[in-house]
Amino acid sequence: MDQSVSLAGLNLKNPVMTASGTFGYGLEFTPYGDLAALGGIVVKGLSLKPREGNPMPRIAETPSGMLNAIGLQNCGVERFLSDKLPRLPWKATPILANLYACDPDEFGELAGVLAAEEGVAALEVNISCPNVKEGGVLFGQDPSQAAKVTEAVKKRCGSKPVMVKLSPNVADIVGIARAVEAAGADCLSLINTLTGMAVDVRTRKPRLANVVGGLSGPAVKPVALRCVWQVSRAVNIPVVGMGGISSAMDVLEFILVGAHAVQVGTANFTRPDFAFRLVEELPQVAASMGVTDWESFRGSLDVG
Amino acid sequence: MDQSVSLAGLNLKNPVMTASGTFGYGLEFTPYGDLAALGGIVVKGLSLKPREGNPMPRIAETPSGMLNAIGLQNCGVERFLSDKLPRLPWKATPILANLYACDPDEFGELAGVLAAEEGVAALEVNISCPNVKEGGVLFGQDPSQAAKVTEAVKKRCGSKPVMVKLSPNVADIVGIARAVEAAGADCLSLINTLTGMAVDVRTRKPRLANVVGGLSGPAVKPVALRCVWQVSRAVNIPVVGMGGISSAMDVLEFILVGAHAVQVGTANFTRPDFAFRLVEELPQVAASMGVTDWESFRGSLDVG
Amino acid sequence: MPKPTCQDVSVLRITPHGPEGLSHGLWLIELENPGWQAVRPGQFAMLRPTAWGFEPLWARPFSICRATPERLAFLIQAVGRGTRLLTGLKQGDTVTVWGPLGHAFNTEPGVRTLMLAGGVGIAPFVEYSAAHPTPSNLTLLFGHRPPLSCYPYEDITRLAAASAFRETSPQDIPLFVARIEEAMADHAGGLALACGPTPFLRTVRNAALKLGVRCQLSLENRMACGIGACLGCVATDSEGHHVQSCTRGPVFWANEITL
Amino acid sequence: MPKPTCQDVSVLRITPHGPEGLSHGLWLIELENPGWQAVRPGQFAMLRPTAWGFEPLWARPFSICRATPERLAFLIQAVGRGTRLLTGLKQGDTVTVWGPLGHAFNTEPGVRTLMLAGGVGIAPFVEYSAAHPTPSNLTLLFGHRPPLSCYPYEDITRLAAASAFRETSPQDIPLFVARIEEAMADHAGGLALACGPTPFLRTVRNAALKLGVRCQLSLENRMACGIGACLGCVATDSEGHHVQSCTRGPVFWANEITL
Ligand SMILES: Cc1cc2nc3c(=O)[nH]c(=O)nc-3n(C[C@H](O)[C@H](O)[C@H](O)COP(=O)(O)OP(=O)(O)OC[C@H]3O[C@@H](n4cnc5c(N)ncnc54)[C@H](O)[C@@H]3O)c2cc1C
Ligand SMILES: Cc1cc2nc3c(=O)[nH]c(=O)nc-3n(C[C@H](O)[C@H](O)[C@H](O)COP(=O)(O)OP(=O)(O)OC[C@H]3O[C@@H](n4cnc5c(N)ncnc54)[C@H](O)[C@@H]3O)c2cc1C
Ligand SMILES: Cc1cc2nc3c(=O)[nH]c(=O)nc-3n(C[C@H](O)[C@H](O)[C@H](O)COP(=O)(O)O)c2cc1C
Ligand SMILES: Cc1cc2nc3c(=O)[nH]c(=O)nc-3n(C[C@H](O)[C@H](O)[C@H](O)COP(=O)(O)O)c2cc1C
Ligand code: FES
Ligand code: FES
């Protein structure tokens, strides 16, 4: 079957993208597979200026998952555009920039810089990072703030599609999704990490220097599926699902509940060729499940 | 060391209670251990009238966790008081009734009936069940609703302590906790389950007839620890922690972040003698971690 | 009824059942008997390799296929993650086991009794035939897909009359249904006992109600605790009430539940 | 530098190291070499038994102790969940391995080189000594707690001068520190290389800076990906920047990072 997916004007070879922060700038993975084979690549969250991120330790393993509090360490948008982007196969596969800023104006400025680059196919707006003090997840917990950021980005993004990334740390994710849709988002991605914590009884210290961090991996998949199901039924823009995807069957589960495409995150750490293998396996697994085209399969969950 | 804990007027032999809905009415576990050895027993959620709960299937396994959508099936308060409570060792260990109702008045009425019973040591108010249509988690997502339910129960509870059980499905659990404290709660327990979902690609159906259900087990422990840490620092009433506890070390983790006591839930399904074994192991594990008394250990997390 | 217990015991022996058991995923697992005195046929146990961390989380329920003072035997078909991990155990590995659980099949010595088994549903009838005081009153009708040697069929034929029906294509199903109805009709006034997949139990139940045969069914609902606590395994009784199939069953009178 | 690869390979051999390795949890694991041509001493690999579902989630990093065209050997100390599961593997089990990763120790044939190893930190020096063109320029100082036979110490003494210091009580630490400083002083103008636990590296670093010895340290930061993508393993360089210890290290010049 034809694996391609069209998403808010982007043409993806297949529905499998890699998630921001779990696939570096893409280049780290070149030894392990052909980047151009992926449906899309979302690079590590970028800010206007370089950021050193949080102190160590920043990561901890948890049951079927992990916590991270990287704190958006990144090389800054300038170095990304000069050093990284030119080496990525942006003509062959969409490269999505993930944006992080401290206020709507700064989001707008960053969006302007990135959208002007031919090699940037779309913008993913991170209003849901739990690991930074200013802004971060707070934007994603308040519908009006979320809308403001979306508007600021939309104003500066030119013709590039804008995908807004939602936080699961809310009572009503549908409310946020609707606010962001109304503010002009072209597409939604979800979920970002759940706020969590781990401690070491021996040392009586938190396992993360930042104390709290973001939970990801298979442990959160049930929450992610629920969010994608709720949101994709409530909005008219496409939804990109993620959270714990670790097999081709998981990809199908997200599409079944309504996702147009997916992102693979934490599973990239279980082996660096993970995403490439997934892309290879997907057609056969889809066929074995009787999926004949994405269109008819998407959202076909039978809730009786 | 002395394992006992005093909690809002209750004297617990040790800090380990069993969580509502995971330990039946207690009686199911009599072949596997001495109920009187437990710190406390919280029985399955009770309503004024018997409830049949949700249709099948109601449970699904997930990575390091499970989903349930039992829908508060229970025998009703009357049969609980006539058939179950008299057979429980309520003189030897505190029996806590877990209350579920559809509105504040009904909560109050139920509280009145239960509080009048000598064998009921305290009331746990479930404002956070994600598996029922009316009320349920909605009370737990709105500070003013949560306060109303708390007040209604407090008005009818006589001298019995009232513990309010919080939902993690909120943006700001501290806000709910403070509202409930202000409304007169004697104690808080958290977390109830996270709303999640699982699907079967082969049949294209949800794995739960109710579509969504509550996620519990080790997978959610990082979220639970974070909630307990945030809430116990913010309120002046004691906090009972739960969510994924599956070892004596986990019990210590919850006390380290600020819990007075804990509840063990899903782990009871991994072996029916789980809670009894945990109670036996705890003193030795605590000693090996240098814990000399609960008081000084509680909340002693060193966040630098 | 003696109290159930929960204990960690060793795997004494684990082998595919018969020469073709390996390729069809049918295994016989023998565990140390943790001191269970009076296992009644139709009862089950929950099994969980002690080395499973918390992934997978739940134990799995299995009918007790054979109980001697030294050992408990289970017939296990590898169908999913849990059963694949269980059948990958090695001799000497430790398994946490609790039981014996649930209600057994009726044993009515003087009554002609028909045992209806589908696939691994044959397991409890091994113990049932062995423990029955008058096996000459017993008849087995066994429907199966993998070869007969994958099942402990001969352990039963040694004691009771038996016939087997191998289903090789979906067209065989109506033929098997006819065989079931025929056997049931032949046991009017007797007792029929069934264990197998739900569609099979439905067929049996319909036939029993139609023909007026007293009939018990052993349900295979998903279970987390096995002891009546989680309410995850409920069946619906004839009055529409939800009853735990682990403690009120797994063996129910066919007319007392809906399927 | 040849590209790293990620592959599934078989365990060829797995044994406790020496007669007392079992009781001290020190193991030698030999894997099929997945075709890595040019492993440089000090590089590491990420290891993850392919059968681990997603619990535990991460692979674990280990120094390449020895590389031949047929096999890769790792010296692994069981210290936690992951290493306990790894050392419980059996011959024939499959392991996912990616590498060779990171920067190696400098090899400067004409320069007197001091190898400072703490515990399992001895691992990379086995390959280092074997690959060194002039091992007569090498000296090993090895600090350890379990008996010497638990470590591949003799593989090094066959080629290079070596001395070992066994720490049996906390009072021994200042003595070992003195030995380190003495050996460093003796290598002024030479090169010092260190691998071991962080407190040990700190000692080495302080001595190197004090005595002005050119010195490289191999860091043991927690790692998730091993390839520079997760930013979970960063060290702080002398300008206060966070740099990935997996790709910019694990071997750093002592004056270029803070500890
Ligand atoms: C009382 C009773 C007696 C049984 N006796 C036997 C027996 O003697 N031999 C045998 O091979 N099997 C028996 N079964 C079925 C056996 O328990 C399931 O095949 C097994 O639980 C499947 O687990 P899995 O992880 O391999 O399958 P998966 O399908 O991967 O499991 C998914 C989930 O569904 C549950 N599940 C799936 N199928 C069943 C099922 N049919 N019954 C209950 N839970 C299920 C599992 O607990 C698991 O959590 C019995 C079931 C019951 C209730
Ligand atoms: C470059 C490098 C080379 C190494 N070489 C060797 C070697 O040759 N032999 C050897 O025995 N060990 C070596 N280690 C240490 C080894 O990786 C850890 O002992 C191992 O990861 C511990 O895993 P665990 O699950 O058993 O321990 P746990 O403490 O249970 O693990 C908890 C978490 O912490 C991480 N972790 C704990 N300790 C360390 C540590 N010291 N380094 C990195 N991560 C850690 C683990 O990844 C795990 O996620 C090396 C580490 C690095 C970074
Ligand atoms: C180490 C790490 C770093 C991350 N960094 C970012 C980031 O910079 N921007 C962002 O939007 N999401 C970030 N995320 C979130 C992921 O993109 C993804 O939303 C989340 O991990 C859930 O998917 P998963 O369970 O497949 O990992 C990060 C996740 C991890 C584990
Ligand atoms: C099967 C099941 C039934 C539950 N029923 C109730 C209930 O009736 N009332 C309630 O307050 N919580 C109920 N809970 C939630 C638990 O008490 C507990 O809050 C939650 O499972 C988290 O703890 P755990 O991870 O240790 O299970 C139930 C949980 C499970 C798994
Ligand atoms: S399996 Fe838990 S109630 Fe039956
Ligand atoms: S381990 Fe992931 S960046 Fe170093």
Side-chain angles (χ1 to χ4, degrees), chain B residues 18-33 43-45 50-75 207-208 213 216-219 221 244-247 250 265-274 276-277, chain C residues 1-8 34 36 45-61 80-82 94-101 198 219 221-237 239-248 257-259:
Chain B
T18 52
S20 181
T22 67
F23 209 68
Y25 298 105
L27 302 166
E28 294 84 349
F29 290 81
T30 47
Y32 306 102
V43 297
K44 175 70 191 162
R51 290 174 60 103
E52 291 299 338
N54 290 327
M56 287 281 282
R58 295 171 161 194
I59 55 175
E61 254 183 340
T62 68
S64 296
M66 65 175 281
L67 285 165
N68 90 81
I70 306 300
L72 288 165
Q73 176 179 344
N74 77 93
C75 62
R207 289 194 190 268
L208 300 176
S216 63
K221 199 186 72 175
I245 291 176
S246 55
S247 69
D250 290 343
T266 300
N268 290 310
F269 302 153
T270 63
R271 51 186 308 155
D273 54 1
F274 183 86
F276 307 107
R277 290 163 59 104
Chain C
M1 203 162 32
K3 270 205 210 173
T5 68
C6 175
Q7 262 153 296
D8 296 345
W36 299 353
M46 299 292 288
L47 263 56
R48 192 170 188 280
T50 312
W52 286 1
F54 289 89
E55 174 47 29
L57 202 66
W58 298 337
R60 300 292 190 263
R81 174 118 192 278
T94 305
V95 175
T96 302
V97 53
W98 60 100
L101 301 169
T198 305
L219 303 197
N221 287 5
R222 185 165 304 180
M223 294 181 176
C225 72
I227 62 167
C230 72
L231 302 175
C233 69
V234 297
T236 306
D237 72 12
E239 288 157 31
H241 294 311
H242 282 143
V243 293
Q244 292 99 314
S245 67
C246 59
T247 48
R248 304 278 291 274
I257 44 143
T258 58
L259 264 186

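Letters go in sequence order (proteins before strands), and every chain restarts at 1. Side chains are part of it too, since the values below use all heavy atoms of this structure and drop only hydrogens, waters and symmetry mates.
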Aromatic ring pairing F276(B)/F23(B), orientation class (parallel under 30°, perpendicular over 60°, tilted between): tilted
R207(B): side-chain contact (heavy atoms from CB on, under 4.5 Å) partners, not counting sequence neighbours: A60(B), A198(B), D200(B)
Test item: E55(C) side-chain N/O and S64(B) main-chain N/O as donor-acceptor pair under 3.5 Å: yes
Contact origin within P218(B) toward chain C - heavy atom pairs under 4.5 Å: side chain
Region of M46(C) that comes under 4.5 Å of a non-hydrogen atom in chain B: neither
Steps toward side chain to side chain contact (heavy atoms under 4.5 Å, CB included) verdict (I227(C), Q244(C)): CA-CA 9 Å; I227(C) 62 167; Q244(C) 292 99 314; over 6 Å; no
Six-ring centre of F54(C), R48(C) cation under 6.0 angstrom, axis tolerance 45°: yes
Toward chain C, the part of M66(B) with a non-hydrogen atom under 4.5 Å: both
Heavy-atom contact with chain B under 4.5 Å, split by part of W98(C): side chain
Chain B interface, residue from N221(C), T236(C), L231(C) that has the most non-hydrogen pairs under 4.5 Å: L231(C)
Interface residue of largest heavy-atom contact number with chain B, from T5(C), T96(C), V234(C), under 4.5 Å: V234(C)
Proximity breakdown for T266(B) and chain C, heavy-atom pairs closer than 4.5 Å: side chain
Max heavy-atom pair count under 4.5 Å with chain B, selected residue of G226(C), G228(C), C230(C), A235(C): C230(C)
Check: E28(B) side chain, Y25(B) main-chain N or O, donor-acceptor pair, under 3.5 Å: yes
